[in-house]
Amino acid sequence: PPGAPPAWSQDADGVRTLRLAQQAPRLDFVRAVQRGTIVDGYGNRVAGTVYDEATDQPIESSALNAHPDPRAVSSDGCKAARVLTEENVEEDLEAPFISPPAAGEEAAWKVFAAGGALMCKICFLPAHDGAVKAAADQAVLGVADALEKGSFQPDQKTGGGYVVAGNGCMQSSVNVTRRLRRTRADGTEGASVVVPYTRLDTFRPGVRDAVQGAAPLMGRVAEHIGKVFPETTREMASAARFHPVVKDLFMYPSHEEQRRGLEGGDGDDASDSLAAHQLALRLGGRLRRMAGGRFNPRLQLCALHLDFDDAHRLHGCPLIYALHLEEGVELPQGQEARPMPHSDLIVFERGDGGRCVRVQTACPHHVCVVHVLPGC
């Protein structure tokens with residue numbers, strides 16, 4: 001009903017459900033010009049861009065905050081990327097907050113938009129000690145090593161850097177499509193051809209080592225997702241690992257790499273690995289040994305953005321977050337359970353905004369997995 005708060009519930013399998021409130025505040029965001037306005041449930045402006053009533057032009061001083069890194073810009077390179085402040089998320093958008101359970105406990109969530117569409121699935125996998133913690137630390141340290149060795153790509157969305165490797169498909173631009181059309185025996189044109197490729201960075205030694213370090217964590221995450229959301233790993237595998245034609249030819253990292261050090265996984269169980277074809281590895285913050293300039297945490301805020309390829313992927317895109325605390329690090333009092341609040345993930349209903357949910361991703365005792373569904 002109008003004015004009702006977010007609806008929380010739990011099913012028989014222990015999976016919790018959140019449905020966003022119809023009257024919740026929302027963000028109206030235009031990516032092309034990086035312009036956004038937050039409005040309440042009745043359409044009244046709360047924060048962000050104000051338009052001049054006489055000219056209907058935006059008043060620049062009212063815009064959402066610009067990203068602190070000047071490299072973080074819109075896709076055309078003309079506009080500074082925009083970021084949300086703590087006040088925007090907590091007070092203006094009133095984002096419901098999903099946090100991990102107590103140490104040693106598991107938790108799983110499904111988040112639905114106000115209209116009923118499934119936005120994302122969330123898992124908190126216990127990792128306070130043992131094999132999962134070791135796999136998570138290995139993954140983080142591998143990324144740090146790759147970045148230090150120069151396998152670094154500037155990320156316009158976060159103002160930081162990342163490494164990316166694996167396989168993809170050539171974009172079907174007009175020129176490419178025209179060159180690659182099949183010609184039938186009768187001389188008429190047939191369907192377009194999609195050309196697969198492997199990213200060059202895949203062969204860099206530092207990137208290879210980082211992927212090898214992260215792959216076992218993916219295998220453990222796949223096992224956990226397969227337990228709580230079996231349809232997710234099953235659907236991903238149907239498009240890659242179990243595809244009747246390509247099978248696991250383009251799967252990256254491979255099934256064998258993800259199963260390294262794990263028991264079983266030699267059969268046809270879809271939950272044995274994540275059937276992906278590319279892997280992007282990002283590092284938030286920096287280790288003590290890393291140079292401060294390029295890895296300045298102050299510049300690593302995540303800008304408002306839409307990953308077009310991930311957002312339109314048929315079975316969604318899993319994001320895995322692992323927190324690594326270096327030996328001797330002492331967290332400020334009161335931040336033991338939530339050491340990096342500015343690393344929380346904000347997921348919106350649509351590519352142009354809407355209502356949102358906030359997820360804690362930096363978890364001292366858990367690996368956080370957020371499976372973003374198409375359209376968000």
Side-chain angles (χ1 to χ4, degrees), residues 31 71 73-77 139 142-143 145-147 149-158 160-184 189-219 221-222 233 235-260 270 273-283 305-320 351 371-372 374:
R31 294 189 308 277
R71 296 174 299 174
V73 295
S74 57
S75 57
D76 61 4
V143 180
D145 289 341
L147 291 174
K149 290 176 181 177
S151 301
F152 178 98
Q153 295 190 28
D155 186 357
Q156 294 181 333
K157 303 184 185 80
T158 67
Y162 72 109
V163 297
V164 60
N167 307 302
C169 289
M170 185 180 292
Q171 300 298 313
S172 56
S173 67
V174 173
N175 291 334
V176 170
T177 302
R178 188 172 296 147
R179 288 201 306 268
L180 298 177
R181 284 192 180 278
R182 290 195 185 106
T183 302
R184 297 190 183 98
E189 288 188 342
S192 300
V193 178
V194 177
V195 179
Y197 65 89
T198 299
R199 286 182 172 272
L200 182 61
D201 283 355
T202 305
F203 306 103
R204 298 183 186 276
V207 175
R208 283 205 306 263
D209 292 343
V211 172
Q212 290 294 314
L217 177 61
M218 295 175 64
V221 166
T233 49
E235 289 169 354
M236 292 180 67
S238 69
R241 185 179 166 205
F242 295 155
H243 191 280
V245 178
V246 300
K247 301 188 185 300
D248 61 356
L249 179 63
F250 299 114
M251 187 169 159
Y252 188 86
S254 70
H255 174 74
E256 291 73 22
E257 288 171 326
Q258 294 185 44
R259 298 305 304 175
R260 192 175 67 250
S273 56
L274 292 178
H277 62 89
Q278 286 191 36
L279 179 61
L281 300 165
R282 290 181 172 87
L283 181 71
H305 71 275
L306 172 68
D307 283 311
F308 286 97
D309 292 337
D310 294 343
H312 294 93
R313 201 171 303 283
L314 180 61
H315 304 299
C317 178
L319 309 174
I320 303 173
H371 190 244
V372 181

| remark: Residues at least two apart in sequence or cross-chain that pass side-chain hydrogen bond (donor to acceptor under 3.5 Å, both in side chains) with Arg260, listed by chain then number, are Gln212
State, to 0.1 Å, how close [X] and [Y] come at their nearest heavy-atom pair, and which atoms those are.
{"X": "Ala146", "Y": "Ala210", "answer": "CB-CB, 4.0 Å"}
{"X": "Gln278", "Y": "Val164", "answer": "OE1-CG2, 4.0 Å"}
{"X": "Arg282", "Y": "Tyr162", "answer": "CG-CB, 3.3 Å"}
{"X": "Ala214", "Y": "Ala139", "answer": "CA-CB, 3.8 Å"}

For [X], what residues pass the side-chain contact (heavy atoms from CB on, under 4.5 Å) criterion, not counting sequence neighbours?
{"X": "Pro253", "value": "Val211, Ala215, Met218, Glu257, Gln258, Leu279"}
{"X": "Glu256", "value": "Ser254"}
{"X": "Val143", "value": "Leu147, Leu281, Leu283"}

| message | So, using salt bridge (Lys or Arg N to Asp or Glu O under 4.0 Å) as the criterion, who are the partners of Asp201 when residues are at least two apart? | response | Arg204
| query | Sequence neighbours excluded, which residues qualify as salt bridge (Lys or Arg N to Asp or Glu O under 4.0 Å) partners of Arg199? | reply | none
| query | Between Thr202 (side chain) and Ala165 (backbone), is there a donor-acceptor pair under 3.5 Å? | reply | no
Side chains of [X] and [Y], heavy atoms from C-beta outward: is any pair under 4.5 Å?
{"X": "Lys149", "Y": "Pro205", "answer": "no"}
{"X": "Tyr252", "Y": "Thr198", "answer": "no"}
{"X": "Pro318", "Y": "Met236", "answer": "yes"}

| request: Report the C-alpha separation of Leu217 and Ile320 in whole Å, then their side-chain angles, then the decisive distance to 0.1 Å, and conclude whether the side chain to side chain contact (heavy atoms under 4.5 Å, CB included) test is met. | output: CA-CA 9 Å; Leu217 177 61; Ile320 303 173; 4.1 Å; yes
